[in-house]
Amino acid sequence: VNKLATGNNDGKSWDDAYVFLNDAINNTCNTAFAEIWVAQGVYYTDEGMGYTTGARDSSFIMKNKLSILGGFPNNDNTATLADRDIGFYPTVLNGDIGAPAVLADNSYHVVKNDNTGLDNTAILDGFLIYGGYADGAGGTGSSFGAGMYNKNVSPHITNCRINFNTATSIGGAVYNGGGTPYFENVFMQNNQADEGGAAYNENTNVTFFDCKIWTNGATNDGGGMYNSTNTDLSLVKCSIRDNEASNGNGGGLFISDATNVDILNSRFKSNEATSSHGGAISNFSSDMTITNSTFIENEAFSFGGGISNLSTGQQVKLVNCSFSENNANNSGMSLSNSSSAPAVMDVDNCIFWGSNGVEINDFSTNMTVDHSIVKDGWSGAGANNLSTNPHFINSTSDLGLVSCSTAINAGDNSVNSVAYDIVNVNRIFENTIDIGAYEFQDSMRTVLTYVGNNTTDSNDWHMADNWDYIE
């Protein structure tokens, strides 16, 4: 597909490429695996044979056994996969089909996969998805998922940017309802919705791997993402930052009655719940495990600048997480649990540091903290905790440890089975796991040991001969 092609436009070569992406998709059979190569350019949802110019219900629709690949040059009729560069040859799927910069006449969904039976052989790779405006009747599909609408489907979305889409109801960038969609290296930025600024997930098993969710906004809950009933959510190696829930909970992530949430090696930074709980994460009645992850400078108007757990029944586990300089106007700068939640909470090998108030606020009395560092100390259930400065490399950007940190070799090996830390280096470098998201890796760390006689040399600690060191 190439907007500039002037040949027969039958898709048999670059010279004869289709000029409209919809024509290429509609003329591809899914009886055998196929690829559509798309050259640099802007492709609109209402273009192609049988489409009506300006029709707001027009969208691109994926197919099984079909990989749609963007990022090819539009001036090379011999281009191969080796010439593909999605950064240098931007390929745009655009829902702005009416008057430029007027949202009200844009497509409801740029990509729409509505009960089409898609499995993971349906692949979309290397596109900017832009300009959807889902403002249909409230509570209907046309007000969900302006960038992408997925209903009971399981596509694979990779190497895409989903930016500047708006839904008046849920899921500004993406709506996932049912199926097992998979998102890999997807960047969702500057999207807006009433709930779930970037993504809204319900009744689904969805994975986000190596994704960025930045600067999205929700009028109510879930500035970055909203996870609703019967949802299994997996976030792996993701960055969630600078999202805002203006009048609700969960600046970065809101979870309500989800089945299970698993977060691994991810970063939450500068998210904000402007008028309520959970700057980074607000969790209502959902089981959640977070491992090897960081929470920096998140803020909540009331409780839980980092994480707020509300309602009843959930089991929450934090393993090797680092919290730094989070804030809440009431209490629980890093972590807050309401009187009824969670039913069980275990915190192991974690660091809570750098805020101007009480780091942990636990009204539930159901929390156990072990082998962790808490700035103001921890007097509840648990053991082997410290209140000494962990000495981050940089408290607002890099929560790695310097060589003198008391977090080094101070954790519990048995609670973390993940082989790598947040930056993908060996989780246990020396014999004992470190506390926090980062494993200290400097094999040249100097350890000083007093070797003098405690009786006769007790006043001679300053003498070099009374000390030995290990490099």
Side-chain angles (χ1 to χ4, degrees), residues 161 163 173 185-191 196-199 208-218 221-227 233 235-246 248-255 261 263-274 276-283 288 290-301 303-308 318-329 332-336 350-357 359-360 375 390-401 421-424 436-438:
R161 297 173 67 95
N163 299 352
N185 190 29
V186 173
F187 191 178
M188 303 181 192
Q189 186 176 31
N190 296 322
N191 302 283
F208 295 87
F209 179 83
D210 198 21
C211 292
K212 295 178 181 178
I213 301 170
W214 291 7
T215 59
N216 303 282
D221 298 323
M225 184 182 294
Y226 189 119
N227 299 276
L233 169 69
L235 292 176
V236 182
K237 295 177 64 178
C238 290
S239 172
I240 297 94
R241 62 177 299 166
D242 296 306
N243 303 286
E244 181 180 359
S246 299
N249 302 285
L253 176 62
F254 180 79
I255 309 164
V261 175
I263 300 172
L264 174 65
N265 289 18
S266 294
R267 295 172 168 85
F268 292 79
K269 180 174 171 57
S270 301
N271 301 285
E272 184 174 3
T274 309
S276 199
H277 306 283
I281 299 176
S282 182
N283 179 23
M288 178 171 65
I290 307 177
T291 307
N292 295 347
S293 296
T294 60
F295 296 79
I296 302 174
E297 293 185 318
N298 301 284
E299 186 169 353
F301 176 78
F303 296 98
I307 299 173
S308 172
L318 303 181
V319 180
N320 283 100
C321 292
S322 298
F323 294 74
S324 179
E325 300 199 21
N326 300 284
N327 186 58
N329 285 340
M333 303 294 138
S334 291
L335 173 64
S336 177
C350 291
I351 299 173
F352 302 88
W353 202 263
S355 74
N356 292 322
E359 294 284 349
I360 299 175
K375 184 196 69 176
H391 292 293
F392 295 130
I393 292 173
N394 187 305
S395 64
T396 62
S397 62
D398 184 353
L399 302 190
L401 307 172
D421 75 352
I422 192 172
V423 291
N424 206 39
Y438 292 78

Please find the pair of heavy atoms, one from [X] and one from [Y], that lie closest to each other, and give the distance.
X	Y	value
Gly278	Ala273	O-CB, 3.6 Å
Ser266	Lys237	OG-N, 3.5 Å
Ala300	Gly279	CB-N, 3.6 Å
Gly354	Glu359	N-OE2, 3.3 Å
Ser282	Gly250	CB-N, 3.5 Å
Thr294	Ala437	CG2-CB, 3.7 Å

4.5 Å side-chain heavy-atom contact, [X] and [Y]:
X	Y	answer
Tyr438	Val423	yes
Phe295	Leu335	no
Leu253	Leu233	yes
Phe392	Asp398	no
Ile290	Ile281	yes

Have Asn327 and Ser355 got a donor and an acceptor in their side chains that come within less than 3.5 Å? no
In terms of side-chain heavy atoms, does Asn190 have a donor or acceptor partner in Asn163 at a distance below 3.5 Å?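 Note: Asn190 and Asn163 side chains miss the donor-acceptor criterion.
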All side chain to side chain donor-acceptor pair (under 3.5 Å) counterparts of [X], not counting sequence neighbours:
X	result
Ser308	none
Asn265	Asn292
Lys269	Glu297
Asn394	Thr396, Ser397

The ring-ring contact (aromatic ring centres under 6.0 Å, His included) partners of Phe303 (sequence neighbours excluded) come to His277
Hey, what do you get for [atom1] ([X]) to [atom2] ([Y]), rounding to the nearest 0.5 Å?
X	Y	atom1	atom2	answer
Ser293	Arg267	OG	CZ	9.0 Å
Cys211	Asn185	SG	CG	7.0 Å
Ile393	Leu401	CD1	CG	7.0 Å
Cys238	Asp210	SG	CG	7.0 Å
Gln189	Thr215	CD	OG1	4.0 Å
Leu264	Ile422	CG	CD1	9.0 Å

Flag, side chain of [X] to backbone of [Y], donor-acceptor distance under 3.5 Å:
X	Y	answer
Asn271	Ile240	yes
Lys375	Ile351	no
Asn216	Asn191	yes
Asn320	Gly436	yes
Asn298	Phe268	yes
Ser395	Ser324	no

Using side-chain contact (heavy atoms from CB on, under 4.5 Å) as the criterion, list what pairs up with Asn424, not counting sequence neighbours.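 Partners of Asn424 under the side-chain contact (heavy atoms from CB on, under 4.5 Å) test: Tyr420.
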Taking it one step at a time, do Ser276 and Asn249 satisfy side chain to side chain donor-acceptor pair (under 3.5 Å)? CA-CA 5 Å; Ser276 199; Asn249 302 285; 2.6 Å; yes
Evaluation steps, side-chain contact (heavy atoms from CB on, under 4.5 Å), between Thr274 and Phe301: CA-CA 5 Å; Thr274 309; Phe301 176 78; 6.0 Å; no
Just say parallel, tilted or perpendicular for the rings of Phe187 and Trp214, cut-offs at 30° and 60°.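 Plane angle over 60°, so perpendicular.
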Dump the intermediate steps for side-chain contact (heavy atoms from CB on, under 4.5 Å) on Ile307 and Leu318, then the final yes or no. CA-CA 11 Å; Ile307 299 173; Leu318 303 181; 4.1 Å; yes
